[in-house]
Amino acid sequence: MRSSRPVVGCPLMFLLLLASSARASESAPDSAAKPLPAALQQRVEQAMKSAEEPLSREECQALTGWARPLEECALTPVAGGKAALLQLTTECGGDSCDVQVFVYRPGRPLLRLPDSSKGGSLTGGHLVMTPSLEHVITDWVGLGPRDMGDWRVELYRIELRTGKVSPWVKGCFSPALSPGGRWILCRNRRGDVLKVPLTGGTPTLVHRSGLSAEQVPWTPYASLYPDAVTFPSPERLQVTTIVLGGPDGEERRSLELPWKE
């Protein structure tokens with residue numbers, strides 16, 4: 001699926017990419033996948049524990065069975081180091097990159113995430129693994145039903161056991177898991193911070209940015225929207241927002257807030 005990289009591209013080109021991705025097959029559920037060989041699993045565990053021992057391209061290809069050219073491979077520990085997301089950048093050109101994402105959980109099969117659903121991208125933005133290691137919460141990027149220029153981003157949930165992809169929360173994106181694992185925090189078009197129970201539901205406000213939608217950069221087809229929040233400590237929340245306007249054209253603002261699980 002072409003996206004993932006924060007590069008601004010041509011909307012027409014992205015429409016063609018979305019049309020192509022809509023035909024892509026979804027990932028196999030756990031029951032249809034095979035466990036990793038012990039030697040490959042050991043290498044993944046090493047790479048998860050030490051950034052000085054990254055996986056080579058050859059190891060990534062052996063892990064995933066990817067036989068075509070590969071430009072980059074990145075392994076990101078998630079869920080407190082209990083699992084990892086393996087992101088393959090398979091080809092870049094023009095305004096975007098082809099990206100495939102695989103989920104690694106120790107002792108379990110390596111799963112490839114579906115890269116599209118209902119004509120929108122699932123692998124181009126932020127991805128969060130739930131503490132149960134059974135679901136991935138991700139940005140879905142697609143077009144609105146009326147206007148061909150009406151881009152939308154919302155949160156979708158991927159159930160790893162079955163491969164089922166479902167809309168989860170509208171009007172929110174850039175997910176992040178809270179330190180205690182009870183909440184998904186996300187941003188809206190104005191850069192506000194909201195939280196949603198891990199079981200789903202209506203988002204509630206955590207922090208109001210005081211900005212308008214016009215002040216917050218928004219290029220969904222290039223995966224450019226407000227950053228996911230981070231947690232410097234279990235009791236502190238950091239919010240970073242790029243704000244348009246001013247003498248320099250844009251300004252990067254960061255602030256820390258108290259956080260209570």
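Given the structure is predicted, the values throughout are model-derived calculations rather than measurements.
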Separation between CZ (Arg57) and CD (Glu72), nearest 0.5 Å, reads 8.0 Å
request  = Answer yes or no: is there a side-chain heavy-atom contact under 4.5 Å between His135 and Leu198?
outcome  = no
* **Pairwise side-chain contact, Leu237 with Leu185, heavy-atom cut-off 4.5 Å (strictly under)** => yes
Problem - Check: Thr89 and Leu70 side chains under 4.5 Å, non-hydrogen atoms - result: no
Query raised in the report: Considering only heavy atoms from C-beta outward, does the side chain of Phe173 approach that of Pro226 to under 4.5 Å?
Result: yes
One should read off an interatomic distance between Ser166 OG and Ile158 CD1, to the nearest 0.5 angstrom, of 9.5 Å
Is there side-chain contact between Glu159 and Glu134, with heavy atoms separated by less than 4.5 Å? no
**Prompt:** Does a side-chain heavy-atom distance below 4.5 Å link Phe102 with Thr64?
**Reply:** yes
Out of curiosity, does Val193 fall in the hydrophobic cluster containing Val216 (side-chain heavy atoms, cut-off under 4.5 Å, transitive links)?
no
Residues Ala79 and Leu133: closest non-hydrogen pair is CB-CD2, 3.6 Å
So side chain to side chain donor-acceptor pair (under 3.5 Å) across residues 229-242, not counting sequence neighbours, yields Arg187-Thr241, Arg236-Glu256, Thr240-Ser254
In terms of heavy-atom contacts, Gly210 and Asp192 come closest through N-OD1, 4.3 Å
> Can you check side chain to side chain contact (heavy atoms under 4.5 Å, CB included) on Leu257 and Leu255, steps first, answer last?
Replying inline: CA-CA 7 Å; Leu257 302 167; Leu255 75 156; 3.7 Å; yes
Does the distance from a Lys or Arg side-chain N to an Asp or Glu carboxylate O, for Arg43 and Glu45, drop under 4.0 Å?
-> no
- Task: Could you go through the side chain to side chain contact (heavy atoms under 4.5 Å, CB included) check for Ser117 and Tyr156 one step at a time?
- Result: CA-CA 9 Å; Ser117 178; Tyr156 268 49; 4.0 Å; yes
Taking side chain as C-beta onward, heavy atoms only, is Ile137 less than 4.5 Å from Thr130? yes
Separation between OG1 (Thr202) and CG (Leu194), nearest 0.5 Å, reads 11.0 Å
Is the backbone N or O of Ser50 less than 3.5 Å from a side-chain atom of Glu53, with the two atoms forming a donor-acceptor pair by type?
no
* Start with the C-alpha distance between Met48 and Gln46, add both sets of side-chain angles, then the distance that settles side chain to side chain contact (heavy atoms under 4.5 Å, CB included), and finish with yes or no. => CA-CA 5 Å; Met48 288 175 63; Gln46 291 174 343; over 6 Å; no
Minimal heavy-atom distance between Asp139 and Ser174, with the atoms involved, is OD1-N, 2.8 Å
**Asked** What do you reckon, are the aromatic ring centroids of Trp151 and Tyr225 less than 6.0 Å apart?
**Response** no
When rounded to the nearest 0.5 Å, the distance separating OG1 of Thr123 from CG of Leu85 is 11.0 Å
Glu154 and Gly171 have their tightest heavy-atom pair at CB-N, 4.3 Å
_Is there a continuous path of hydrophobic side-chain contacts, each under 4.5 Å between heavy atoms, that joins Val165 to Val128?_
no
Note to self: Quick check: is Val78 connected to Val103 through a chain of hydrophobic side chains (ILVMFWY, heavy atoms under 4.5 Å apart)?
What the structure shows: yes
Worksheet item: So, Arg252 and Glu250, do they make that salt bridge, N to O below 4.0 Å?
Response: no
All heavy atoms of Leu75 vs all of Ala47, minimum pair found to be CD2-CB, 3.5 Å
Rounded to the nearest 0.5 angstrom, the CD-CZ distance for Glu214 and Arg190 is 10.5 Å
Applying salt bridge (Lys or Arg N to Asp or Glu O under 4.0 Å) to Arg189 and not counting sequence neighbours gives none
Contacts satisfying side chain to side chain donor-acceptor pair (under 3.5 Å) that involve residues 176-185 (not counting sequence neighbours) are Ser178-Glu261
Mind checking whether Leu244 and Leu211 sit in one hydrophobic cluster, side chains of I, L, V, M, F, W, Y counted as touching below 4.5 Å? no
Closest non-hydrogen atoms of Gln41 and Tyr104, given as atom of the first, atom of the second and distance, are CG-OH, 3.0 Å
*Step by step, work out the side chain to side chain contact (heavy atoms under 4.5 Å, CB included) result for Leu160 and Arg105.*
CA-CA 11 Å; Leu160 300 182; Arg105 294 163 295 170; 3.8 Å; yes
Notebook entry, point to check: Does Leu177 share a hydrophobic cluster with Leu155, counting links as ILVMFWY side-chain heavy atoms below 4.5 Å and allowing steps through other members?
Noted result: yes
(message) Parallel, tilted or perpendicular, judged at 30° and 60°: which one describes the rings of Phe231 and Trp259?
(response) perpendicular
CZ (Arg152) and CG (Leu143) are apart, to the nearest 0.5 Å, by 8.5 Å
Exercise. Are the side chain of Ser116 and the backbone of Gly119 linked by a donor-acceptor contact shorter than 3.5 Å?
Worked result: no
Original post:
Heavy atoms, side chains only, cut-off 4.5 Å: are Ser121 and Asp115 in contact?
Top reply: no
